[in-house]
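Everything below concerns the one structure shown next.
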Amino acid sequence: MLAAKLTSQLPLDALRRIHHGTSYHCLYTLSNIFLHTEGGRTRDASLLSDSSALRRGFYSQSAFRPTFRLRDTQQYGRRSISLSAATIVNSAPRPIQPYLRLMRLDKPIGTWLLYLPCAWSIALAADPGHLPHLGILTLFGTGALLMRGAGCTINDMWDKDFDKKVSRTATRPIASGEISQRQALVFLGGQLSLALCVLLCLNYYSIALGAASLSLVISYPLMKRITYWPQFVLGLTFNWGALLGWSAVKGFCDWSVCLPLYFSGVMWTLIYDTIYAHQDKDDDVKIGVKSTALRFQEQTKPWLSGFTVAMLSGLVVAGVNAEQTLPYYAVLSTVAVHLTHQIYTLDIHKPEDCWKKFVSNRNLGLLLFLGIVAGNLWKERRETLLQNEEEVR
């Protein structure tokens, strides 16, 4: 009876998942959705319908959101265990789960997108022939996790009333009432205090530079109320690490490298966050907030293509000024192909496709990081060859 009731409401892509061997995972998701609804109806019918609850349940369990999975199954007599960010959050003590979801610990894609420009800059600043400094990479990873969490907390505090009116965000802890504004403010103070501890591990130049970004972190959530370009302000905020990473290694900024890298990061954010914004454009119109998705509409692909050209140009300039080598430019051409394919195949009218394209940018960022590292290691080989040629002469 339960199975019949649930499968009658299944979207087509869920049936395909079951057909292709993920029946255990889908049925687990379905049972959770059913248990959290009353007879197949959500408790707040004014916000969410049966079908939207089912769709949201499947998208939240989709392979695109968590990076890893935690599943305990029997396969050929052996136990298989894998780890997922969402499962870690769901396995945490119940009182702290809302706070972990408030800082989006169950959706690590935002942390990756904040961290990767830092990693690019740290790798570019490494000495020729050397790997990037592991300790600094770790510090920035911790800082990215904390600052992304703080940014999400600030965003949800500002947007509480808006979030209640959008089905995708109505279950966020502040909008749903799980966490009060006062509790969120105390939690925000804790996150910023820990982030300050990370910042104080850096040199004085970097401490001052890092502190200068706080005004962007606080003001960004307000931009969607006053401009159709909030994604540009997000880019200025999310890519501050492109400046900070270099200064953490060198003690200063080489602006001939850092500014083109920062510019490229801002263009990259305009690409992926415009794609992301297309998921909510109908709700944004209803509640009166702005985005580049609403600004560009059917002209989104030409705009994104322009941002891609600008991003790649900035990366070429940064590479030339940092004396990068062949592997860097080879990877840059692969990045260009990735972005071209991403934009060409994008369907801005399908939220699930927008999400898929959005999260693919993590892999793009990691690819560019590996290209920078390989290009830096290649420098040693090039310098050795030049020295040998001079000796022969």
How about Ile207 and Asn203: do any of their side-chain heavy atoms sit closer than 4.5 Å? no
Side chain of Thr227, backbone of Pro230: donor and acceptor closer than 3.5 Å? no
Indicate the atoms forming the closest heavy-atom contact of Trp158 with Pro221, along with that distance. CD1-CB, 3.5 Å
Can you name the nearest heavy-atom pair linking Ile226 to Lys290, along with the distance? C-CD, 4.2 Å
Residue list, ring-ring contact (aromatic ring centres under 6.0 Å, His included) with Tyr272, at least two apart or on another chain: Trp268, Phe358
Measuring only between side-chain heavy atoms, which start at C-beta, is Phe140 closer than 4.5 Å to Leu137? no
Nearest heavy-atom pair of Val373 and Ala123: which atoms, and what distance? CG2-CB, 4.1 Å
In sequence, state the C-alpha distance, the side-chain angles, and the governing distance for Phe296 and Lys301, and then conclude on side chain to side chain contact (heavy atoms under 4.5 Å, CB included). CA-CA 9 Å; Phe296 303 154; Lys301 289 189 177 184; over 6 Å; no
State, yes or no, whether a side-chain contact exists between His349 and Glu298 at a heavy-atom distance under 4.5 Å. yes
Check: Phe263 and Val317 side chains under 4.5 Å, non-hydrogen atoms: no
Can any side-chain N or O of Thr142 pair as donor or acceptor with the backbone N or O of Thr138 at less than 3.5 Å? yes
Counting C-beta onward and ignoring hydrogens, is there a side-chain heavy-atom pair between Phe252 and Trp246 closer than 4.5 Å? yes
If we ignore hydrogens and angles and just use 3.5 Å, is the side chain of Glu178 paired with the main-chain N or O of Arg172 as donor and acceptor? no
Using only heavy-atom distances, determine whether the side chains of Ser206 and Ser247 contain a donor-acceptor pair under 3.5 Å. yes
Is there a side-chain contact between Ser213 and Thr237, using heavy atoms and a 4.5 Å cut-off? no
Taking atom CZ of Phe232 as the centre, does the number of heavy atoms from other residues, nucleotides or ligands within less than 6.0 Å exceed 12? no
Please tell me whether Asn361 and Gln342 have a donor and an acceptor in their side chains that are separated by less than 3.5 angstrom. yes
Hey, does Cys253 have a side-chain heavy atom less than 4.5 Å from the side chain of Leu209? yes
Greater than 12 external heavy atoms within 6.0 Å of Tyr205's OH: yes
Rounding to 0.5 Å, atoms CE (Met223) and CG (Leu216) come to a distance of 9.0 Å
With a 3.5 Å distance limit and no angle check, can you tell me whether Lys286 reaches the backbone of Val166 through a side-chain donor-acceptor pair? no
Determine whether a donor-acceptor pair (N or O, by modelled atom type, separation under 3.5 Å) exists between the side chain of His338 and the backbone of Ala336. no
Short side-chain donor-acceptor distance under 3.5 Å, His278 and Gln297: no
Steps toward ring pair (Phe, Tyr, Trp, His ring centres under 6.0 Å) verdict (Trp303, Trp229): CA-CA 13 Å; Trp303 277 96; Trp229 292 85; 5.7 Å; yes
Please determine whether side chain to side chain contact (heavy atoms under 4.5 Å, CB included) holds for the pair Lys164 and Asp161, giving the CA-CA distance in whole Å, both sets of side-chain angles, and the decisive distance to 0.1 Å. CA-CA 5 Å; Lys164 290 178 180 179; Asp161 294 331; 4.3 Å; yes
What are the two closest heavy atoms between Pro132 and Ile122, and how far apart are they? CB-CG2, 4.1 Å
Asp347 side chain to Cys354 backbone, donor-acceptor under 3.5 Å: no
Is a donor on one side and an acceptor on the other found under 3.5 Å between the side chain of Ser264 and the backbone of Leu315? yes
I'd like to know if the side chain of Thr274 and the backbone of Thr292 have a donor-acceptor N/O pair within less than 3.5 Å. no
State plainly whether the residues Lys224 and Asp159 are in salt-bridge range, i.e. N to O under 4.0 Å. yes
Closer than 4.0 angstrom, basic N to acidic O: yes or no for Arg101 and Asp156? no
Of the non-hydrogen atoms in Lys250 and Ala125, which two are nearest, and what is the gap between them? CE-O, 3.0 Å
Please step through side chain to side chain contact (heavy atoms under 4.5 Å, CB included) for the pair Val266 and Met311, ending with a clear verdict. CA-CA 8 Å; Val266 173; Met311 173 188 174; over 6 Å; no
When every non-hydrogen atom of Thr169 is compared with those of Asp163, the smallest separation belongs to OG1-O, 3.0 Å
Can you tell me if Thr269 uses its side chain to pair, donor with acceptor, with the backbone of Gly265 under 3.5 Å? yes
Using a 3.5 Å distance criterion without hydrogens, assess whether the side chain of Asn90 forms a donor-acceptor pair with backbone atoms of Ala86. yes
Test applied, salt bridge (charged side-chain N to carboxylate O under 4.0 Å, His left out); reference residue, Arg168; option that passes from Asp280, Asp282, Asp284: Asp280
Rounded to the nearest 0.5 Å, the CZ atom of Arg148 sits from the CD1 atom of Ile109 at a distance of 8.5 Å
Trp112 side chain reached by Leu366 side chain, heavy atoms, under 4.5 Å: yes
Do Ser291 and Gln231 have a side chain donor and acceptor closer than 3.5 Å? no
Evaluation steps, side chain to side chain contact (heavy atoms under 4.5 Å, CB included), between Cys118 and Leu244: CA-CA 7 Å; Cys118 308; Leu244 195 56; over 6 Å; no
